[in-house]
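Chain naming here is simple, since letters A, B, ... match the order of the sequence lines and numbering starts at 1 in each.
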Number of protein chains: 2
Amino acid sequence: MVLRVRKNQAPPTPEGCPLTECMSVLGGAWTPNIIWYLSAGPRRFSELRLDIPGVSAKVLTARLRSLEASGVISREVKPTSPPSVEYALTDLGEELIPAINAIVKVGHKLKMREAVVQA
Amino acid sequence: MVLRVRKNQAPPTPEGCPLTECMSVLGGAWTPNIIWYLSAGPRRFSELRLDIPGVSAKVLTARLRSLEASGVISREVKPTSPPSVEYALTDLGEELIPAINAIVKVGHKLKMREAVVQA
DNA sequence: TTATGTAGTTTCCGTTTGGTAACCGGAGTC
DNA sequence: GACTCCGGTTACCAAACGGAAACTACATAA
């Protein structure tokens, strides 16, 4: 019996897979968390550190720089003392919110399943 | 001037962040792609290898095992010759489709922005 | 005077990741 | 008899990732 490769209905992800594209933006550690917390409004560096226990200053800086380069967040230095820096989602960043919400939703289902498996 | 930590409206992600939970499932390289291709119907190992150019057998195996352990996909060995193994999304796995779709959607926007930046 | 807060940067280092290549058995094909 | 296909497994390796800690500068507060 010969096994043939079946044609499936999945759109053939043409030039440069948008899935891979988007995952490269929100792929790093803590990245989705950062977007999640910014979705509630602008936030300062140290506030984000408190929001996300476990993230190091180094990684948080790296993520914020990378997200800024992707055009997902904006960075605004306020002339306060000590100086404070406010990060916020751009219009493009706001587009990520539904994706993040969908992921959170599945996260809940996963946790529920885990609870069942435990029992 | 004293800077105070502002209370934001973001739900405080209580016990064991569902976001992190879900990202640990679809975090590895090629994982979203695998789910994407399975969303169109069951698929064999070698078919997935053809679907996703660039994925190595080692990583594909690792992802499929891990997704199976998470309860996201099912694995069925068919008594053909040579033996074939069919992977499919479970009910839980189907729940991931909206999340994947949302990510793909943003991926398109990101690519559009890129084109604009180029110009 | 000393300590604190802000927003990082830098260095070092261990772990993880993912790619490459070789190899496996069994059945069918040429 | 040799070769291919299928679905993997294993060993090896370089690169990337991310954590910890120390350090910066400036200004205010105790």
**Report entry** Whole angstrom value for the distance that separates P of D:dG19 from CD1 of A:I52
**Finding:** 11 Å
Report summary line: Taking D:dG19, C:dG18, D:dC6 as options, the one with an atom nearest any side-chain atom of B:V59 is C:dG18
Query raised in the report: Taking atom P of D:dG19 as reference, at what distance in whole Å does atom CG of A:L60 sit?
Result: 11 Å
Report summary line: note: A:K78, atom NZ; D:dA27, atom C1'; distance rounded to Å ~ 19 Å
Query raised in the report: D:dA20, D:dG7, C:dG18: which one has an atom nearest the side-chain heavy atoms of A:K58?
Result: D:dA20
Report summary line: One should read off an interatomic distance between A:L64 CG and A:I73 CD1, to the nearest 0.5 angstrom, of 4.5 Å
Query - Spacing between B:M23 atom CE and D:dC17 atom C1', to the nearest angstrom - result: 15 Å
Query raised in the report: Which nucleotide sits closest to the side chain of B:P82: D:dA11, D:dC6, D:dG8?
Result: D:dC6
Query raised in the report: Nearest-Å distance, CD (B:E86) to P (D:dC6)?
Result: 14 Å
Report task. Side-chain contact test, heavy atoms from C-beta onward, threshold under 4.5 Å: evaluate it for B:V104 versus B:H108 and give yes or no. Result -> yes
Report summary line: From CZ of A:R75 across to C1' of C:dA7 the rounded distance in Å is 8 Å
Query - Sugar-phosphate, base or nothing in reach of B:R65, heavy atoms under 4.0 Å - result: sugar-phosphate
**Report entry** Among C:dA7, D:dT10, D:dG18, the one nearest A:A29 by side-chain distance
**Finding:** D:dG18
Query raised in the report: To the nearest angstrom, how far is A:E76 atom CD from C:dA7 atom C1'?
Result: 15 Å
Requested in this report: Look at all strands and tell whether B:R49 reaches a base, only sugar-phosphate, or nothing, counting heavy atoms closer than 4.0 Å.
Outcome: nothing
Query raised in the report: Between A:G28 and A:P83, which has a closest nucleotide on DNA chain D that is more 5'?
Result: A:G28
Query raised in the report: Quick one: which of B:I100, B:L96, B:L67 gives a side chain to side chain contact (heavy atoms under 4.5 Å, CB included) with B:T31?
Result: B:L67
**Report entry** Residue-phosphate contact under 4.0 Å: B:W30 side-chain N/O, C:dG19 OP1/OP2
**Finding:** yes
Query raised in the report: What is the nucleic acid contact for B:S56, judged by heavy atoms within less than 4.0 Å: base, sugar-phosphate only, or nothing?
Result: base
**Report entry** Nearest-angstrom distance from the residue atom CG of A:L64 to C1' of C:dG8
**Finding:** 11 Å
Please tabulate, one pair per line, all N/O donor-acceptor pairs under 3.5 Å involving side-chain atoms of residues 85-95 of chain A, not counting sequence neighbours.
unit_1	atom_1	unit_2	atom_2	d
A:E86	OE2	B:R6	NH1	2.9
A:E86	OE2	B:R6	NH2	3.4
A:Y87	OH	A:R75	NE	3.2
A:T90	OG1	A:G71	O	2.6
A:T90	OG1	A:V72	O	3.0
A:T90	OG1	A:L92	N	3.4
A:T90	OG1	A:G93	N	3.1
A:E95	OE1	B:K109	NZ	3.2
A:E95	OE2	B:K109	NZ	3.3

Query raised in the report: Are B:L48 and B:L38 close enough that some pair of their side-chain heavy atoms sits under 4.5 Å apart?
Result: yes
Query raised in the report: Side chain of A:S84: nearest nucleotide among C:dG19, D:dT9, C:dT6?
Result: C:dT6
